[in-house]
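Shown next, in structure tokens, is the structure this report addresses.
Both counts, for ligands and for their atoms, begin at 1 and track the order of listing. One is the number of the first residue; the rest follow in order along the sequence.
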Amino acid sequence: MDFSPVELSEEDAAFQRELRDFLAEVVTDEVIERDRITGENFDEGVHLALGAAGYLAGDYRTESDGGFSAVRRRIWELEIGRARTPWFHWGTTAMVARLVERFAEPGLREEVLPAVLTGEVRLCLGYTEPEGGSDVATCKTRAVRDGGDWIINGAKMFTSNAHNARFVFLLTNTDPSAPKHRNLTMFLVPLDTAGIEIQGIRTVDGDRTNIVYYSDVRVPDRNRIGEVDGGWAVMREALAAEHGVLERDSAGLSKLATMTEHVLLLGEALDEAAAVVGRRDPGGAAPGQDGAVGYRLGRAAARTEAAMSSSEMCGRVAIAATMREVAPELMDLLGPAALLPAGTAGAAGDGAAEYVFRLAGPTGIYGGTLEVFRNMIAQQLLGLPRPALR
Ligand SMILES: Cc1cc2nc3c(=O)[nH]c(=O)nc-3n(C[C@H](O)[C@H](O)[C@H](O)COP(=O)(O)OP(=O)(O)OC[C@H]3O[C@@H](n4cnc5c(N)ncnc54)[C@H](O)[C@@H]3O)c2cc1C
């Protein structure tokens, strides 16, 4: 394995400088503050600016199709995270756009794809239902044929970014009498269709997501993605992409796991905590001089490094599990002022550990819970048998 730093060519170094300057201009303090308050993880002005500058197209396309090289993709991922860009939902849009490109009829493809790359069209995921999300194939939202259209009825829980998106990639049940996995059909449903109601929900970490109700929503058959009752074939690809089970580039520069941005926040919280406990009082003493404090901080740092270095599904689990273990440890070391959130006078380390503490719960839920991922690691990576059901 080659751990040496990558030498940037002059062109790649110029790309990095331009990207940094661009992000410094569009991702202002005001944008970051607004995102913190609203929990949207999205800013339309920033998104459109990234589209207009060609960055969305560069990220979406493969290198052979005019997209970023492996080095530039790595620079892009690092810089966009460092700038704290409200950005999280682009991955969803890009993932659904790839499925539209592959499975949709040509007219729909042409309507959606160019506008995805300019940033005007955003796409969101409608899989989870109020009665359960881990086993998405138990979907109850019904789609019934009506001439050349489909009529959809049901409800979807946690449709994140629906209020900023043009379409939802919707999982429906088209044949309740058929065996599981053989009754699902996917649609790309315009979110401004009559009968759709979007209601906001705030999660414990302050994120905004939605519950979306579908009442007699009429969708033309051209908006179907894949075969009727063949939705599981489409979903399987979508879930593999969401779980981070993708082919890796041979240059070794790919992002190690999904949600690596979250573990960087934990790293920053750790740095903040180290700075606070290292601060000396007028008598010259600092809490960090206590061996127990040093031991606990060191152990937290080692765990965080290990999570940062774990890949794919194991990385996904390590990141969320480490956030859940380390954030309370940091808060314990920092004392009562660690309970104050960012932006509050007197907050220890500007509330970094408190925020990671609240973020850690949902991080181990969305895109698949830790328990479900552990099952997948056991069965798919370790080759262990499925548990016997009694
Ligand atoms: C902030 C946030 C954003 C989200 N965004 C979206 C989105 O945009 N679109 C979307 O469709 N969904 C979204 N989700 C939903 C998310 O994917 C689900 O919450 C997740 O898959 C778990 O489903 P559930 O909440 O229904 O829990 P359930 O499936 O009801 O699970 C409940 C508990 O049972 C455990 N469990 C379930 N099955 C097993 C098993 N086989 N083995 C062991 N334990 C098991 C789970 O780990 C969990 O602890 C989001 C969720 C959150 C919190």
Side-chain angles (χ1 to χ4, degrees), residues 35 38-42 86-96 99 122-141 152 154-173 180-181 184 186-189 191 196 198-214 225 231 234-236 238-244 258-259 261-262 313 316-317 320-321 323-324 355-356 358-380 384-390:
D35 188 54
T38 61
E40 301 251 325
N41 291 309
F42 177 79
W87 166 248
F88 200 60
H89 300 297
W90 163 245
T92 303
T93 292
M95 188 261 284
V96 176
L99 296 169
R122 278 86 59 178
L123 311 169
C124 61
L125 300 178
Y127 308 155
T128 307
E129 301 197 343
E131 284 175 46
S134 296
D135 190 0
V136 284
T138 55
C139 166
K140 292 196 172 57
T141 294
I152 298 176
K156 294 284 175 178
M157 192 67 185
F158 298 128
T159 308
S160 303
N161 212 33
H163 55 300
N164 293 311
R166 180 86 60 85
F167 296 94
V168 54
F169 182 55
L170 192 72
L171 175 69
T172 68
N173 186 326
K180 199 175 165 189
H181 298 119
L184 303 171
M186 303 301 306
F187 292 91
L188 198 68
V189 179
L191 279 158
I196 296 183
I198 300 173
Q199 285 181 13
I201 299 171
R202 293 297 289 267
T203 57
V204 66
D205 60 323
D207 271 4
R208 154 90 196 240
T209 178
N210 303 286
I211 180 163
V212 182
Y213 297 99
Y214 299 81
I225 309 291
V234 184
M235 271 301 284
R236 265 208 315 257
L239 292 175
E242 202 176 4
H243 294 159
T258 52
M259 303 190 186
E261 299 78 12
H262 291 31
M313 288 196 286
R316 166 79 179 71
V317 171
M323 286 167 70
R324 288 180 180 187
Y355 176 62
V356 176
R358 284 185 290 117
L359 179 65
T363 302
I365 298 174
Y366 49 71
T369 66
L370 291 186
E371 292 77 13
V372 167
F373 267 101
R374 286 186 170 121
N375 283 348
M376 291 191 327
I377 290 169
Q379 286 158 29
Q380 295 173 22
L384 297 175
R386 282 173 174 275
L389 297 174
R390 286 163 198 265

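Of the protein's heavy atoms, Glu371 CB, 3.5 Å lies nearest to atom 44 (N) of ligand 1. Scanning the protein for heavy atoms near atom 7 (C) of ligand 1, the closest one is Phe158 O, 2.6 Å. Tyr366 CD2, 3.5 Å is the protein heavy atom nearest to atom 2 (C) of ligand 1. Considering only non-hydrogen protein atoms, atom 28 (P) of ligand 1 sits nearest to Ser134 OG, 3.7 Å. Looking only at protein heavy atoms, the nearest one to atom 41 (N) of ligand 1 is Asn375 ND2, 3.7 Å. Protein heavy atom closest to atom 39 (C) of ligand 1, with residue, atom name and distance, is Val372 CG2, 4.0 Å. From the protein, the heavy atom lying nearest to atom 24 (P) of ligand 1 is Gly133 N, 3.6 Å.
In the candidate list Thr209, Leu370, Ile365, Ile365 is nearest to atom 53 (C) of ligand 1, counting heavy atoms. Among Val212, Val168, Thr128, Thr159, the residue whose heavy atom sits closest to atom 10 (C) of ligand 1 is Thr128.
Contact annotation for Thr203 and ligand 1: only side-chain heavy atoms (C-beta onward) come within less than 4.0 Å of the ligand.
Protein heavy atoms come within 4.0 Å of atom 51 (C) of ligand 1.
Residue pairs satisfying the salt bridge (charged side-chain N to carboxylate O under 4.0 Å, His left out) criterion with at least one member in residues 124-133, sequence neighbours excluded, are listed as follows: Glu129-Lys156, Glu131-Lys140.
Exactly one residue among Thr209, Thr203, Asn41, Asn210 makes a side-chain hydrogen bond (donor to acceptor under 3.5 Å, both in side chains) with Ser160. That residue is Thr209.
Side-chain contact between His163 and Glu40 is present, with heavy atoms from C-beta onward closer than 4.5 Å.
Aromatic ring pairs are classed by plane angle as parallel below 30°, tilted from 30° to 60° and perpendicular above 60°; the pair His262 and Phe88 is tilted.
In terms of the side-chain contact (heavy atoms from CB on, under 4.5 Å) criterion, residue partners of Arg324 (sequence neighbours excluded) are, by chain and number, Ala360, Ile365, Leu370.
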